[in-house]
Every structure is written in C-alpha cells, then in structure tokens.
Amino acid sequence: MDLGIAGRLAVVTGGGSGIGAALVERLRAEGAEALDASRSTGVDVTRPDAPERVAELAGGRDVDILVNCAGTSSVRPVDELTDADWELQWGLNVLGPMRLMRALAPGMAGRGWGRIVNVSSSSGKRASATSAAYTVTKTAELSLSRVFADEYAGTGVLVNAVAPGPVDGPLWMAEGAMLDQHAAAKGISREEALEAQRAKVPIGRMLHPHEQADVIAFLCSERASAVAGAAWSVDGGIVPSIM
C-alpha cells in the first residue's frame with residue numbers, strides 16, 4: 001500500500017530507539033524525510049525551548065508530520081514517587097507534546113495538511129499502580145490528543161493517538177529496564193517475569209517495535225484521511241475494552 005507521504009517532512013521525538021527508531025525507518029521507507037528529535041540530536045522535549053530546537057533540526061522547513069514518541073517509565077510503588085518523578089512524566093507525556101503541537105499544528109493548518117500522532121500507552125487506558133506517574137500522564141496524553149483533534153480536524157490536520165502494550169524494545173527489555181524491575185519487585189527470575197507479561201497478552205507474546213511503527217505510519221498517511229481523534233490500542237488485546 002502506498003501511504004502517499006513521499007516527500008513529506010516528519011519529526012519523531014524519541015526517534016533514536018524502540019518504537020521511535022522503527023517508525024523513522026518505516027517513514028523513510030515510504031519516501032518521507034523522517035528526523036529523530038531526541039536528546040542525541042539536541043532536542044530535550046521536556047524543555048520549554050523544544051519547539052525552537054525542532055525548528056533548528058528541520059532547518060526552518062515546514063513540518064508535515066509530528067509523532068510524539070519520547071518517553072520512559074519505571075516500576076516504583078506510589079508512596080516512593082517524588083515530585084520530580086511526577087514532573088518528569090508530566091513533561092514527557094503532556095507538556096512536551098502540547099508545546100510541539102501548539103508550535104507546529106497552526107502551520108500545518110495553514111497549508112491544509114498535517115498528521116500528528118501521540119504515542120500513549122495501554123496504561124493510559126487501564127491504570128497501573130506499578131508506574132503511577134506514567135499511567136496518569138499517559139491518560140492525560142489521550143485527552144490532550146482529543147482536544148487538539150477537535151480543534152484542527154476541519155483544517156486538514158488529523159490528530160490521533162496510539163496505545164501500545166508491552167513492547168519487545170529497550171524500555172522493557174534492556175538490562176535493568178522494566179522487565180528486570182518487575183522481576184525484582186516480585187522476587188522472580190527475568191524469564192518468569194517475561195512469561196508473566198506474555199500471559200497477560202491475549203495474542204500470547206509481547207509486541208515488536210515495527211508492529212507499532214506500521215500502525216503509526218498508517219495514521220501519518222493519506223490513507224488515514226478519515227481518522228481523527230482516535231486512540232487506537234496496539235496492545236495484542238491486553239486492554240479488555242471495546243473503546
């Protein structure tokens with residue numbers, strides 16, 4: 001399927017690893033110019049000047065596609081979370097995406113075409129006490145997406161969200177990352193923790209970054225011209241909801 005985005009300029013926050021890196025590769029395969037906006041390329045999305053850094057990264061050119069994919073999480077009891085933990089997640093999942101959408105959506109609207117996808121989480125649809133600051137702000141990100149979707153849908157700028165489940169990428173699988181943290185919290189082995197996660201997913205396995213990237217790339221495309229304000233679960237069926 002031709003996604004119809006050849007020649008489009010895309011910015012992907014967190015494009016250096018995991019879902020973001022898979023998406024950059026996928027968009028480039030479709031002929032788009034996809035830029036990784038992450039700390040490795042001089043963009044810290046939690047900073048108020050992130051839109052200016054993105055503009056510099058784009059060389060002042062018009063951005064057609066924005067995907068807010070930067071994020072991190074950890075396993076920690078609610079009573080151990082500090083104000084700094086909450087503020088980090090708020091900056092990554094709400095203020096950061098909001099600032100970039102606020103900066104880029106009007107220009108897209110003026111040109112009559114744009115695509116914005118916010119990468120939330122299955123935790124945004126079903127609260128998780130093991131990562132409270134993450135889950136609360138991912139829920140807020142879904143509402144943020146809907147607000148911007150309603151504001152811009154009539155201008156040709158389509159804003160949507162995706163909600164991945166556990167992904168076989170560095171956020172979960174890197175040494176010391178969430179899989180190891182779950183194992184330590186429950187006093188079980190890494191393999192036992194992995195099996196426990198797989199058992200929660202109806203399709204019987206964790207998802208791969210490229211599977212998320214395929215769905216996001218579609219939402220970035222001409223083929224998704226009737227999709228606005230959606231929050232698509234890409235979680236293997238882990239959230240038991242029809243919404």
Side-chain angles (χ1 to χ4, degrees), residues 5 8-75 84-105 107 115-121 131 133-134 137-138 141 144 161-162 164 166-181 206-217 219-220 234:
I5 55 174
R8 297 288 188 183
L9 179 60
V11 169
V12 180
T13 72
S17 65
I19 296 172
L23 179 61
V24 166
E25 180 180 349
R26 184 72 173 83
L27 293 175
R28 289 174 179 170
E30 290 293 328
E33 181 179 356
L35 305 177
D36 165 26
S38 62
R39 290 184 178 180
S40 64
T41 57
V43 182
D44 180 349
V45 299
T46 67
R47 290 178 56 88
D49 66 351
E52 287 76 19
R53 302 289 78 76
V54 165
E56 292 174 1
L57 185 67
R61 293 172 296 163
D62 295 331
V63 175
D64 303 302
I65 297 166
L66 168 66
V67 180
N68 287 303
C69 193
T72 189
S73 186
S74 61
V75 177
D85 294 324
W86 286 95
E87 289 166 359
L88 171 63
Q89 294 298 336
W90 185 254
L92 278 170
N93 301 326
V94 183
L95 284 181
M98 181 278 295
R99 290 187 185 114
L100 290 177
M101 289 193 288
R102 184 174 62 188
L104 297 177
R115 298 289 187 268
I116 298 174
V117 181
N118 293 305
V119 181
S120 179
S121 168
S131 52
Y134 178 82
T137 55
K138 283 299 186 181
E141 188 173 20
L144 178 71
V162 297
V167 173
D168 187 0
L171 180 64
W172 272 88
M173 304 303 293
E175 184 177 354
M178 291 191 68
L179 185 64
D180 287 339
Q181 293 170 26
M206 296 179 73
L207 286 299
H208 297 288
H210 70 80
E211 292 177 299
Q212 308 293 327
D214 286 343
V215 175
I216 298 167
L219 290 173
C220 292
V234 193

(message) Contact between Arg115 and Leu219 at the side-chain level, heavy atoms closer than 4.5 Å - yes or no?
(response) no

(request) List the atom of Val234, the atom of Leu207, and the distance in Å for their closest heavy-atom pair. (result) O-CG, 4.1 Å

(request) Decide, yes or no, whether a salt bridge links Glu56 with Arg53 under the criterion of side-chain N to carboxylate O below 4.0 Å. (result) yes

(message) For Trp86, is the CH2 atom crowded, meaning more than 12 foreign heavy atoms sit under 6.0 Å from it?
(response) yes

(request) Starting at CZ of Arg47, measure out to CG of Leu95 and round the result to the nearest 0.5 Å. (result) 14.0 Å

(message) Can you give me the closest heavy-atom contact between Ser38 and Gly16, atom names plus distance?
(response) OG-N, 4.5 Å

(message) With a sphere of 6.0 Å drawn around CZ of Arg39, does it hold more than 12 non-hydrogen atoms of other residues, nucleotides or ligands?
(response) no

(request) Could you pull out the closest heavy-atom pair between Pro97 and Gly91, with the gap in Å? (result) CD-O, 4.2 Å

(request) With the side chain counted from C-beta on, respond yes when Thr137 and Leu92 share a heavy-atom pair under 4.5 Å apart, and no when they do not. (result) no

(request) Calculate, to the nearest 0.5 Å, the distance between atoms CG and OG1 belonging to Leu88 and Thr46 respectively. (result) 7.0 Å

(message) Quick one: does any side-chain atom of Asn68 pair with a main-chain N or O of Asn118 as donor and acceptor, under 3.5 Å?
(response) no

(message) Is the shortest side-chain heavy-atom distance between Leu66 and Met101 below 4.5 Å?
(response) yes

(message) Checking the side chain of Asp168 only, and the main-chain atoms of His208 only, is there a donor and an acceptor separated by less than 3.5 Å?
(response) no

(message) Tell me whether Glu25 at atom CD has more than 12 heavy atoms from other residues, nucleotides or ligands lying less than 6.0 Å away.
(response) no

(request) Please tell me if the side chains of Pro51 and Leu100 come closer than 4.5 Å, counting only heavy atoms from C-beta onward. (result) yes

(message) Can a donor-acceptor pair be found, under 3.5 Å and without considering hydrogens, that links the side chain of Ser120 to the backbone of Glu141?
(response) no

(message) Looking at every non-hydrogen atom in both residues, tell me the closest pair between Ala217 and Arg26 and how far apart they are.
(response) CB-CG, 3.7 Å

(message) For Val43 and Thr13: C-alpha separation, side-chain torsions, deciding distance, then whether side chain to side chain contact (heavy atoms under 4.5 Å, CB included) applies.
(response) CA-CA 8 Å; Val43 182; Thr13 72; 5.8 Å; no

(request) Measure across Leu27 and Ala34 and return the closest heavy-atom pair with its distance rounded to 0.1 Å. (result) CB-CB, 4.0 Å

(request) Considering non-hydrogen atoms only, spot the tightest contact between Asp36 and Gly14 and give its length. (result) OD1-C, 4.0 Å

(message) Rounded at 0.5 Å granularity, tell me how far CD1 in Ile65 sits from CD1 in Ile5.
(response) 4.5 Å

(message) A side-chain contact here means heavy atoms from C-beta on lying under 4.5 Å apart; do Ile19 and Pro164 qualify?
(response) yes

(message) Any heavy-atom pair between the side chains of Val119 and Val67 that's under 4.5 Å?
(response) yes

(request) Find the distance between CE (Met206) and CD (Glu211) and round it off to the nearest 0.5 Å. (result) 11.5 Å

(message) Do Tyr134 and Asn93 make a side-chain contact, defined as non-hydrogen atoms from C-beta onward lying under 4.5 Å apart?
(response) yes

(request) Measure the spacing between CZ of Arg28 and CG of Leu35 and express it to the nearest 0.5 Å. (result) 7.5 Å

(request) Can you measure from CZ (Arg8) to SG (Cys220) and round to the nearest 0.5 angstrom? (result) 11.5 Å

(request) Compare all side-chain heavy atoms of Asp85 with those of Gln89 and state whether any distance is below 4.5 angstrom. (result) no

